[in-house]
Each structure stands twice: as C-alpha cells, then as structure tokens.
Undergrad: 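Below you will find the structure I want to go over with you.
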Amino acid sequence: MPLHIHDTLRREKRLFEPRDPNRVTLYVCGPTVYDYAHIGNARPPVVFDVLARLLRRQYGADKVLYARNVTDVDDKINQKAAREGVPIGEVTARYEAAYLADMALLNVSPPDLAPHVTDYIPAIVDQIQAIIDAGCAYAAEGHVLFDVSAYPSYGALSGRNLDDMIAGARVEVAPYKKNPHDFVLWKPSKPDEPAWPSPWGEGRPGWHIECSAMIEQTLGLPIDIHGGGVDLAFPHHENEIAQGVCAHGCAHAENAHDHYARYWMHNGFLTVDAEKMSKSIGNVLLLHDLVQSMPGEVVRWALLSAHYRQPLDWNQGLLEQSRKNLDRLYGVLRDADAALADFDPATLDEAELELAENALDPVLDALEDDLNTPGAIAQLFGLANALRDLLNDGEADINDVAMARWSLKEAAGLLGVLSLTPDAWFEGGDPALKAEVEALLEQRAAARAAKDWPEADRIRDRLNALNVVVMDGPDGATWRVKG
RNA sequence: GGCCUGAUGGCGGAGCGGUUACGCAGCGGAUUGCAAAUCCGUGUAGCCCGGUUCGACUCCGGGUCAGGCCUCCA
C-alpha cells in the first residue's frame, strides 16, 4: 500500500504524491531555543523522524530533503538573556546544544537542514517586500502588517472564516491594524533588542515570516509536507500559507494554498497525568531531565505508542509499559544473537534476503497508513514472535533465524528503536556496575557449583540490592538492571 | 459563541460491515535448587438512543461526556 497521509487542510487521508520524487521536501517547525524542551516538544521531532525514515526508504536517502528550523530570534529569548545579563547568542547556543543532545538520545536522526532565523534575515526582508509589492501587506508605525483582507483563502487550513473570528475576538486590537486579524511581518526593535536594517527601519521579523521565508529559501515552494503540533495550525501555519502564497502573487489563484505546501500534518497534544502541561500546575516535564533517568528509547517508544494525531497522556504507567515492551523485544534479540554467534551472514543468498525484506511488509503497511505507529508496533511484535518461535524450535534452519532477526532489526530501525545491543540495553551501560556484577556472579557460580544454595541466594540478594536481576541459563547466568 | 477531535476489554492502544489486533497486567499449568526468561492454556470490549443492512464496535442521524484551538504553548 502506497503512503497515505491525513492532510489537515483537506481533512482527509490522501495518497502521498511528491511534486518531484527525486526531491521530496519536508519541513517541521523546530524549537525556539530559550529554554530546555519539554516532553510535548519532543513529539513532533520523533513523529516526523519516523516519517523521514519512511520517506528515505521509499524514495532514497539522498532524495529526501528534511528541514527543521531553529528559531533564535524571539522575545522570550530576549527576556532570558536580559535576566541572565548575557548576550542573546549565549542563550540560544546553550539551549540549541542541549536540544540536539537530547534529540540524539531519543535516536532522532538530524534533519538535512537546520536553518536559523538569524542567518536568513535578508530572505525574510525579501519575502516581506514581495508581499508588499503584491499588495498584501502595508507598513504602519514602523511595523509591516499582513493584510488578511487581501487573501481570500485565509482560514482554509484551520477551517475558520474572518467573520467568525471577528465575532469571537477577545483581544485588544493594535491601533495601526487595518483589520483585527492582520499580523506582524516586521516590527521595530527597542534599543536593547536585536535589530537588523530593513526598508521599514531597524527591527526584527514577526513570528510567522521566518518559516515561510526559510522554506522558500532552503526548500523552494511549494514543499511537499509541512508538519508541526496542532496548536500551530492556527495562527502560525495559517499565516505561513498566507505569506508564502501572497509573496508569489497567487493570492487569488484557485486552490491558492497549494502554492505553499501540498500536505499538512499535525500531531496531537500531550497531557501529563491527564492534565495539560502548564507552568501554573507545575507539571512541565523537561525532556532534558527525563533522558537522565531512563533510556531515550523508552521515551521514544512512549511517544510512538499512540497514533500521532491522537492525544497522548504521559504518565508512569505509560513509561513502565514502554520499558517492558522494549525488554520483550530486546530479550528475543539477545537470544537470537546467542543462537547466531557462529553464523556467517554471507551464507544468506539473494532469495533469502528478499524473503527477509518481504517480512517487513506488514510494518511498512502500517506506517504507510498515515504513520500508524501503534499498528507498526503490533507488527513488530509479530516479527519478534516469529523469531522467538524459530528459536524455540530445535529443528529450525539457522538461516531462517538469521533472516527473522534481520527483519526485526530492520523494522525496528524504521521506528528508530532497538538501536542498542541487547547487552547494552539490559546492563544499562554502566561499566563500574558491570564489573561489580560480574565479580559477584563468579562467586555465585562457584557457590552454585558446590550446591551451596544459601550462599548463592545471599549473593542474589546482594545483586538485588544493586537493582540487578540474575537469570540462570544453561550456559551460565545473564543479568539485567531492573526497570 | 465559532471551529475541530475523540469516547474500544483491568490498563495502554489499532484495524475492520460478518473471521484472534497487539502489548501490559490477571488466572491455571509446564520448566526452574530459588528466581528470571521461555512455553502451553484462559477470562474480560466497543458511551446512550434511533436508522441503514441478512448482519454494525465499524456506515448515517440525534444525544451525552471529555479534550483541543480561537491568547507569539509542540
């Protein structure tokens, strides 16, 4: 089944057809680097990382161009820098570095492009000028404002019309706006704020223009897929469309919005213990903290355990279950690796490799159905169970085991999980602990050989105190840290 | 007020007009010095009211409830 994507704008699942299969373009709104990312911020990069993996598999790694911007101009950044008394660049560099490090722990592949707003000011100024020249924006009191009345399709993405919004408006309107929903493209900076020269005076870009300008500059319009969180659909993405379309004089074109992006994908919100994350409730969970206390794959698995458009509740149960799911898969992998210790992969022939490849189909089918990651996970268990059956079958052909193991790893790679060795997963990656545990296991092996069960159990208790579970097997004991 | 989602077994969570989702947990058993892992077996669903249909968890209408956006939050 070819890839289908639920398009927010058309509100239906559509067959994905790139504009150019040799150059598939994907843009996702990235972080504003003024603080550590919270767990909700991690959902889009993980979800769209899976999409990027899928696209690369289908169109070729070098045919996909994935851009995720870094917003390094923002009032919150200015406030943070002012409060700390440091230059703005110090704040943005610090949090961008933390963001990238945390993303790496989640096994998120770096996007092909990570444009920074500060590197694209000329492109932004050019696009604003083009919008003015098209008659869709006006300068007023040092600001440049987009004139929503000049773009008839305004509201197509979020399903609103201007009349309804005016009726429901409860925000005070700036006096220089012609229409309450006109929004800022460029705004003047105070002396202590970052500023760049422009035809309208020293200032800085508004919130929405950065994305449309960087998209045009780096990917070219229209792009294939634009992604982000649902909350960005309005006003951010709505405004991006208006800017991108109008900068190209397409304000009155039929299906004008198609001149900006061909498919829109929005991930659902994340709650914490069934409540919205908010600073007033005090339940904001920082990704940076989470990845200190648990493997990144657990976080990643949890984020992928629900369909991306569904809401996801972040809670202890979800994390425990994610951990257990991964334990199960890594357990099969560990046993398979033991069975394949002396196996030479070169003995697999073409036909066998093709069979192993075909085994991925159920997983691909799920992902191609609007990125159904829970479905893909179910199929991953199918592959793991098939591998387990082979391992339990004394008669099984070792080549079949190797093929099944390959399929499982490959499928997991599409989701970006099972990237560690089973030992690294179970042993937790702490060399000091590993040395201590192995010393104790040697003593215990001696005690067991002498059938000194009380001593063996005393050692098990000591290991237990180290948060370690011992598993006695026919070839000696293996161990794992408890979840 | 406007717009938009969703409601599935003890829990998480999918697909599907008729056939086991999947995982976790539970229960019974096998195996095990103990334990873990593994294996076998097993129970539990589809918010409410109508309609369409031979047949609906799945389609349609109405209701109830929950959540989101309309405030430079992913």
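Labels below follow one simple rule: chain letters A, B, ... track the order of the sequence lines, proteins then strands, and each chain is numbered from 1.
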Undergrad: Below 4.0 angstrom, N of the basic side chain to O of the carboxylate: do A:D49 and A:R68 qualify?
TA: no
Undergrad: If B:G33 has a Watson-Crick or G-U wobble mate with both distances under 3.5 Å, name it; if not, just say none.
TA: none
Undergrad: Taking 4.0 Å as the cut-off, does a side-chain nitrogen or oxygen of A:N325 come that near to OP1 or OP2 on B:G12?
TA: no
Undergrad: Give a yes or no on whether a salt bridge exists between A:D35 and A:K76, defined as a side-chain N under 4.0 angstrom from a carboxylate O.
TA: no
Undergrad: Using the C1' atom as the point on both nucleotides, what is the distance between B:U19 and B:C11, in whole Å?
TA: 26 Å
Undergrad: What is the distance from CZ of A:R328 to P of B:U38, rounded to the nearest Å?
TA: 6 Å
Undergrad: Can you find a side-chain donor-acceptor pair between A:D182 and A:Y138 that sits under 3.5 Å?
TA: yes
Undergrad: Of all the nucleotides listed (B:C69, B:C34, B:G13), which has the minimum atom distance to the side chain of A:D472?
TA: B:C34
Undergrad: Using both distances under 3.5 Å as the test, list the Watson-Crick or G-U wobble partner of B:G41, or none.
TA: B:C27
Undergrad: Take A:D74 and A:A456, find for each the nucleotide of RNA chain B with the closest heavy atom, and name the residue whose nucleotide sits nearer the 5' end.
TA: A:A456
Undergrad: Now, which nucleotide makes the Watson-Crick or G-U wobble pair with B:A66, with each of the two distances under 3.5 Å?
TA: B:U5
Undergrad: Less than 4.0 angstrom from a charged side-chain N to a carboxylate O is my criterion; do A:K80 and A:D74 meet it?
TA: no
Undergrad: Tell me what A:E320 touches on the nucleic acid: a base, only sugar-phosphate, or nothing, going by heavy atoms under 4.0 Å.
TA: nothing
Undergrad: Check whether the aromatic ring of A:F381 stacks on the base of B:G23, taking stacking as ring centres less than 5.5 Å apart and planes within 30° of each other.
TA: no
Undergrad: Which one is paired to B:A21, where only Watson-Crick or G-U wobble pairs with both distances under 3.5 angstrom count?
TA: none
Undergrad: Which one, B:C39, B:G13, B:C73, comes nearest to the side chain of A:A306?
TA: B:G13
Undergrad: Under 3.5 Å, side-chain donor or acceptor atoms of residues 226-234 of chain A against the rest of the protein: list the pairs with distances, not counting sequence neighbours.
TA:
| residue | atom | partner | partner atom | Å |
| --- | --- | --- | --- | --- |
| A:H226 | NE2 | A:H237 | NE2 | 3.4 |

Undergrad: Counting only Watson-Crick pairs (N1-N3 plus N6-O4 or O6-N4) and G-U wobbles (N1-O2, O6-N3), all under 3.5 Å, who is the partner of B:C59?
TA: B:G51
Undergrad: Give me the distance, rounded to whole Å, that separates B:G15 from B:A25 when you measure between the C1' atoms they each carry.
TA: 23 Å
Undergrad: Choosing from B:C72, B:C34, B:C24, which nucleotide comes nearest the side chain of A:Q321?
TA: B:C24
Undergrad: Using both distances under 3.5 Å as the test, list the Watson-Crick or G-U wobble partner of B:U71, or none.
TA: none
